[in-house]
Amino acid sequence: MRTKGRVTGIISNLVIVQVDGPVAQNEIGYIKLGDVTLMAEVIKINGDKAFVQVFESTRGLKVGNEVEFMGHMLEATLGPGLLQRNYDGLQNDLEELDGVFLKRGIYTKPLNEDKLWEYNPIANVGDEVEAGDWLGEVKENWVNHKIMVPFKFEGKYTIKSLAPAGNYKITETIATLTDENGEECSITMVQKWPVKLAIKAYKEKPRPFKVMETGVRCIDTLNPMAEGGTGFIPGPFGAGKTVLQHALSQHAEADIIIFAACGERANEVVEMFVEFPHLEDPRTGRKLIERTTIICNTSNMPVAAREASVYIAMTIGEYYRAMGYKVLLLADSTSRWAQALREMSNRLEELPGADAFPMDLPAIISNFYSRAGFVYLNNGKSGSVTFIGTVSPAGGNLKEPVTESTKKAARCFYALSQQRADSKRYPAVDPIESYSKYLEYPEIVEYLKKKISEEWVDKVLDVKNIVLRGREAYEQINILGDDGVPVEYHDRFWKSELVDFVILQQDAFDKIDSSTPLNRQHYMLNLVSHIINSKYNFESFDVVGNYYKRIINVLKQMNYSEFESDKFNGYESELNAILEERRVA
């Protein structure tokens, strides 16, 4: 029998309910308000009082309204049809909703239950299986969507029967399993999973040991992201977070893209809905949206749904990881998620931490980031969820609590600089503030040595050092003037500028320069490294800038040319001629 209760207090989206039976943390309940019911989640229990956060506007709600609890947590519906969908933070299909504005209390089914899917079994009758094992598959766009033993199942099961190949609805039984006690369980193509719990239907989750190629040079070359790794992109408004995310989603070495807009401005989300369907997928030659799921929760939607949206997105990511796919999850922006946590914490009158955020904010963020990772499945295959979130610190302050808490959890830090954005140096990733802790992992270093070359990591560290020394030289030149420092300072500064223009900057709208494969990055880094480690003869400081500008111009033309084409090789010959003019033997 379901527990019921009545509203005894209302503080905006926080509602206090007196219950007549047991309720659990994170349990879902529905509050009756006239002809509609409002979904809510239990976030605190004190005796016979449950504090629930409502995912809708509570306008018109009164003390005494009835509440019914469902006996389960907030769940994601998982099955064929998740791709190419636009969901809100509660997994309502936005395309199924009527009108410009979301109507309160209207909830839709996440998946189409009437569509027929062409199903093919891949297991056999008599096989022993457990949670997450593959039973069959259907074709979802170009992706082989695996039908799995539900993640909630515990222990070993035996396949008693399997539906033959054919067309089925997701609600039809496609397999019958028997447990260790001989009881039968019917399996359909759809299953549910509580979003606040990590899916652990895998054999092993090792530390990330290989790099995920993104095609973005300032990431792949200087601060690589690991497959199954975590990173975040903090930066002020207008610094290029959205364009960088689009570049990552389009060119990263991932099979499935999940984009969670948790609290973004409505106009930015509209742009995403308009642009994403037209983005070409370089991996398949089709549209990128065909392997993408969008979770949309704009900043003017109910604040509590911001928190739900990131968990829905992560759960869908873990679901596809269990199929053996590489998933890239992008969240924009986790600052708004943290603000939602702050609002609910304040309404609960909890002891506030820095800037009134919850005291346990670092733990909440760390727990969420830990759900990403590379896994080995029960059948020996592998899958991964790579998570990159963006943070929008107020005033570009990278010392605020959300950025600081995320730094402790994420392994990669890609700081967007307002100064670089203002000077049109895109991606505006600050090469000195940013870092990748994966370069400290012995297994990643070993992988890079085998994948690229033995001296790759040393050259990367050398280039980073050149950029740092160049900034120090620039500050000295700025203070003392051009003729107040030795020519060596100008040489050092312009070598760092060469790295900046050729390696760090990239044109996201150019057909060739928008994505750079690792073999080309290796070639160009070797070329740049050779140039910056050579000595040149300069008579005065004013000669230095003009000479390096000529070198930079030729190298940039190489970036815009097809790799190893006649045009590319012609520019390289021109470059060698320029270098010979002043190089010291």
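Rounding to the nearest 0.5 Å gives a distance of 13.5 Å between SG of Cys218 and OH of Tyr426. A distance of 11.5 Å separates CD1 of Ile294 from OH of Tyr87, quoted to the nearest 0.5 Å.
Relative to the ring axis of Tyr489, Arg492 places its NZ or CZ within 45° and under 6.0 Å from the centre.
For an aromatic pair to be called close, the ring centres must be under 6.0 Å apart, and Trp337 with Phe368 satisfies this. Taking the six-membered ring for Trp and the full ring otherwise, Phe413 and Phe232 have centroids separated by under 6.0 Å. Centroid-to-centroid, the aromatic rings of Tyr320 and His145 come within less than 6.0 Å. Less than 6.0 angstrom separates the ring centroid of Phe563 from the ring centroid of Phe568.
Paired with Asp281 under the rule side-chain hydrogen bond (donor to acceptor under 3.5 Å, both in side chains), one option of His251, Arg291, Gln250 passes, and it is Arg291.
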Audit row: Thr516, Gln506, side chain to side chain contact (heavy atoms under 4.5 Å, CB included) steps and yes/no: CA-CA 9 Å; Thr516 308; Gln506 197 165 347; 3.5 Å; yes
Working for side-chain hydrogen bond (donor to acceptor under 3.5 Å, both in side chains), residues Asp513 and Asn559: CA-CA 6 Å; Asp513 198 38; Asn559 279 342; 4.5 Å; no
Side chain to side chain contact (heavy atoms under 4.5 Å, CB included) evaluation trace for Lys399 with Glu404: CA-CA 6 Å; Lys399 300 297 181 184; Glu404 286 294 308; 3.8 Å; yes
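Taking Tyr438 as the reference, Tyr441 meet the ring-ring contact (aromatic ring centres under 6.0 Å, His included) condition, with sequence neighbours excluded. In this view, Ser382 and Phe374, Tyr376 satisfy the side chain to side chain contact (heavy atoms under 4.5 Å, CB included) rule, not counting sequence neighbours.
One finds no salt bridge joining Glu562 and Lys567 here, because no Lys/Arg side-chain nitrogen approaches an Asp/Glu carboxylate oxygen to under 4.0 Å. Look at Lys241 and Asp332 and you find no salt bridge, because none of the NZ, NE, NH1 or NH2 atoms lies under 4.0 Å from a carboxylate O. Using a cutoff of 4.0 Å between basic side-chain nitrogens and carboxylate oxygens, Lys210 and Glu446 are not scored as salt-bridged. Salt bridge annotation for Lys495-Asp500: absent, with no cationic side-chain nitrogen under 4.0 angstrom from a carboxylate oxygen. Salt bridge Lys437/Glu440: absent, no basic N to carboxylate O contact under 4.0 Å.
The closest side-chain donor-acceptor pair between Gln521 and Thr221 falls under 3.5 angstrom.
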May I have the list of side-chain donor-acceptor pairs in residues 548-556 shorter than 3.5 Å, sequence neighbours left out?
residue: Tyr548; atom: OH; partner: Asp491; partner atom: OD1; Å: 2.6
residue: Arg550; atom: NH1; partner: Glu581; partner atom: OE1; Å: 3.0
residue: Arg550; atom: NH2; partner: Glu581; partner atom: OE2; Å: 2.9

